Amino acid sequence: MARKYWLFKSEPEEFSISDLKARPKQTEPWDGVRNYQARNFMRDEMKVGDLALFYHSNCDTVGVVGVCEITREAYPDPTSWEKGHKHFDEKSSPENPRWIMVDVKWKETFPRTVSLQELKEHPKLSEMRVAQRGNRLSITPVDKAEFDQVCQLARKS
DNA sequence: GCCAACGTTGGC
DNA sequence: GCCAACGTTGGC
């Protein structure tokens, strides 16, 4: 089965690609996803070895900043039943977890950010979900061609 | 800080 | 099952 490609959004003030790189083993559980579409992508389609663009939202320079890899497939997100946690959901429990997460490992931080504006203006990238008006999904599938194109743009000086 | 777009909730 | 109200996301 061919590897799949994704885009993961994160607010850098919450969790940035530098934070991921600084983690033990440069790996972190991607917790806090509370959207069914995003959850289902993780649960049904994400496999170890898949690659993802790391996207910074809600910040000065919005755009793709690097690449990470899925290193563990979907398993329950314990923050969902942790009372008082920012992402607590009373309908989730250890016996019946409603929300899940995957582990991601840092792969690369680009020498520059490929900005959202650049994605929107690029003929091969403007169809990406993240470039669509009003898009709010924090995890979206990306075509291999799009993934490769973003990496190429980011690495050229 | 504004506000458009979206997802969820809940009354009916 | 509809849909208005509400809360959140996220670019600007």
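So that the names make sense, note that chain A is the first sequence line, chain B the second, and so on, each numbered from 1. Note that the structure is predicted; figures quoted are calculated from it, not measured.
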Exercise for review: Would you kindly give the CD1-to-C1' distance between A:Ile139 and C:dT9, to the nearest whole Å?
Suggested key: 15 Å

Considering only nitrogen or oxygen atoms on both sides, find all protein atoms under 3.5 Å from nucleotides 4-8 of chain C and state each distance.
residue	atom	partner	partner atom	Å
C:dT8	O2	A:Arg136	NH1	3.3
C:dT8	O2	A:Arg136	NH2	3.2

Check your understanding: To the nearest Å, how far apart are A:Glu11 CD and C:dG10 C1'?
Key -> 8 Å

Practice item. Determine the interplanar angle of the A:Trp30 and A:Phe8 rings, folded into 0 to 90°, and report it as parallel if under 30°, tilted if 30 to 60°, perpendicular if over 60°. Key: perpendicular

Review point. In terms of ring plane angle, is the pair A:Phe41 and A:Trp6 parallel, tilted or perpendicular, where the classes change at 30° and 60°?
Key: tilted

Check your understanding: Cut-off 3.5 Å, side chains only: do A:Arg98 and A:Tyr36 have a donor facing an acceptor?
Key -> yes

**Study point:** A:Tyr36 vs A:Arg133, nearer the 5' end of DNA chain B by closest nucleotide
**Key:** A:Arg133

Check your understanding: So, A:Lys144 and A:Asp148, do they make that salt bridge, N to O below 4.0 Å?
Key -> yes

Check your understanding: Could you state the CG-C1' distance from A:Asn58 to C:dC12, rounded to the nearest angstrom?
Key -> 11 Å

Check your understanding: Taking the side chain of A:Lys91 as heavy atoms from C-beta outward, which of C:dC12, B:dT9, C:dG10 is closest to it?
Key -> B:dT9

**Study point:** Whole angstrom value for the distance that separates C1' of C:dG10 from CG of A:Asn135
**Key:** 10 Å

Check your understanding: Between C:dC12 atom P and A:Gln117 atom CD, what is the distance in whole Å?
Key -> 8 Å

Review point. Looking at A:Tyr55, does any N or O in its side chain come under 4.0 Å of the phosphate oxygens OP1/OP2 on C:dT9?
Key: no

Practice item. Provide, to the nearest angstrom, the distance between the CG atom belonging to A:Leu116 and the C1' atom belonging to C:dT9. Key: 14 Å

Check your understanding: Starting at CG of A:Leu7 and ending at P of C:dG10, how long is that distance when rounded to a whole Å?
Key -> 11 Å

Check your understanding: Taking the inter-plane angle between the rings of A:His85 and A:His87 on a 0 to 90° scale, is it parallel (under 30°), tilted (30 to 60°) or perpendicular (over 60°)?
Key -> tilted

Check your understanding: In whole Å, what is the span from the CG atom of A:Asn35 to the P atom of B:dT9?
Key -> 11 Å

Practice item. Verify the distance criterion only: is there a donor paired with an acceptor across the side chains of A:Thr61 and A:Arg112 at less than 3.5 Å? Key: no

Practice item. Look at the rings of A:Phe147 and A:Tyr5 and say which category their plane angle falls in: under 30° parallel, 30 to 60° tilted, over 60° perpendicular. Key: tilted

